[in-house]
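Letters A, B, ... mirror the listed sequences (proteins, then strands); counts begin at 1.
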Amino acid sequence: ETGVTQTPRHLVMGMTNKKSLKCEQHLGHNAMYWYKQSAKKPLELMFVYSLEERVENNSVPSRFSPECPNSSHLFLHLHTLQPEDSALYLCASSQDAIGRRGTDTQYFGPGTRLTVL
Amino acid sequence: GQNIDQPTEMTATEGAIVQINCTYQTSGFNGLFWYQQHAGEAPTFLSYNVLDGLEEKGRFSSFLSRSKGYSYLLLKELQMKDSASYLCAVRGQSGATNKLIFGTGTLLAVQP
C-alpha cells in the first residue's frame, strides 16, 4: 500500500465516450502528477499540480483534461480519445512540486489500464 | 535532448547477483532514482543517488557516477519475487519542477 489510490483499475471506452480517472493520495503531499505508460516506452509525464495549481503541461492533447480540486484529489477527464491513447495511466504524489529536497520521492498509484476501442 | 538508456531485458538465476545499468544524458541533474514495478502494479521506490558512490540498502545497492552519466542497480541473493521491471529515472535541475525522466525499464526474469 503506497498511500495513492486510483479508480477505476480498468476502463474500456469508445472513441466518443467521456470518462474520468480518479486519483487520491493519503500522504499529505502537496504535489500530484499524471503519467502515461505505454508498452515498451518510458513513463511520460503529462501534468504536474502543486497545491491545486497546474505547474506543468507536457504538450498533452486537449482531449485529456486534468482537474485538481484539492491537494488530495486529482482527476483526468477523457473525451474523444483515440486507440493510440490506450495505455496505463499512473498517478503519483510527492511532498513538493519543486525538487529542492533531494529525497523528495514520488509515490505511485497502481494505475488505470485504459483501452480505447 | 534528454535520454535515459537501460537494457530492455535481463535474465538471472535465483541466488545469484545481477547488475542493471543505466546511462543518462539530461539537461541538469538533481538525483537519480530506481523504481521496481511488478506487472500490473505501481512502481515502488527502491533507491536514490545524488552524490557519486554506492548506496546500500539490504540486498539492493545503487551506484552513481555523475561525470560518466552512469548508474547501476545491484541485486544480490536474487529471489523469484525480484522478477519485475526496474525503472531508472533522473530528476532535472534543483529548483525546477520535480520532474522525473524515465528510461524504458529493464524487465528482469529470475529463473530457478
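B:L51 and B:Y48 fall within the same hydrophobic cluster, where Ile, Leu, Val, Met, Phe, Trp and Tyr residues are linked whenever their side-chain heavy atoms come under 4.5 Å apart, directly or through other members. Note on B:V50 and B:L87: same hydrophobic cluster, where clusters join Ile, Leu, Val, Met, Phe, Trp and Tyr whose side-chain heavy atoms are under 4.5 Å apart, directly or indirectly. In this structure, B:F33 is not a member of the same hydrophobic cluster as B:L74, with clusters built from ILVMFWY side-chain heavy atoms closer than 4.5 Å. If you chain together hydrophobic residues whose side chains sit under 4.5 Å apart, A:M13 and A:W34 fall into the same group. With hydrophobic clusters built from ILVMFWY side chains whose heavy atoms lie under 4.5 angstrom apart, B:F102 does not share a cluster with A:M32.
In this structure, B:K68 places its NZ atom where only 12 or fewer heavy-atom neighbours from other residues, nucleotides or ligands lie under 6.0 Å away. Summarising the local packing, CD of B:E77 is surrounded by 12 or fewer heavy atoms from other residues, nucleotides or ligands at distances under 6.0 Å. In the displayed structure, A:E53 atom CD is contacted under 6.0 Å by at most 12 heavy atoms of other residues, nucleotides or ligands.
For residues 83-90 of chain A, heavy-atom neighbours of chain B at less than 4.5 Å comprise A:L88, A:L90, sorted by residue number. Contacts of residues 10-19 of chain B with chain A at a heavy-atom distance below 4.5 Å are absent; not one residue qualifies. For residues 103-112 of chain B, the interface with chain A (any heavy-atom pair closer than 4.5 Å) comprises B:G103, B:T104, sorted by residue number. Residues of residues 36-51 of chain A lying under 4.5 angstrom from chain B, judged on non-hydrogen atoms, are A:Q37, A:K40, A:K41, A:P42, A:L43, A:L45, A:V48 in numerical order.
At least one side-chain heavy atom of B:L100 sits under 4.5 Å from a side-chain heavy atom of A:Y35.
For A:R113, no part lies under 4.5 angstrom from a heavy atom of chain B.
The two residues B:A42 and A:G109 come nearest to each other via the heavy atoms CB-O, 2.9 Å.
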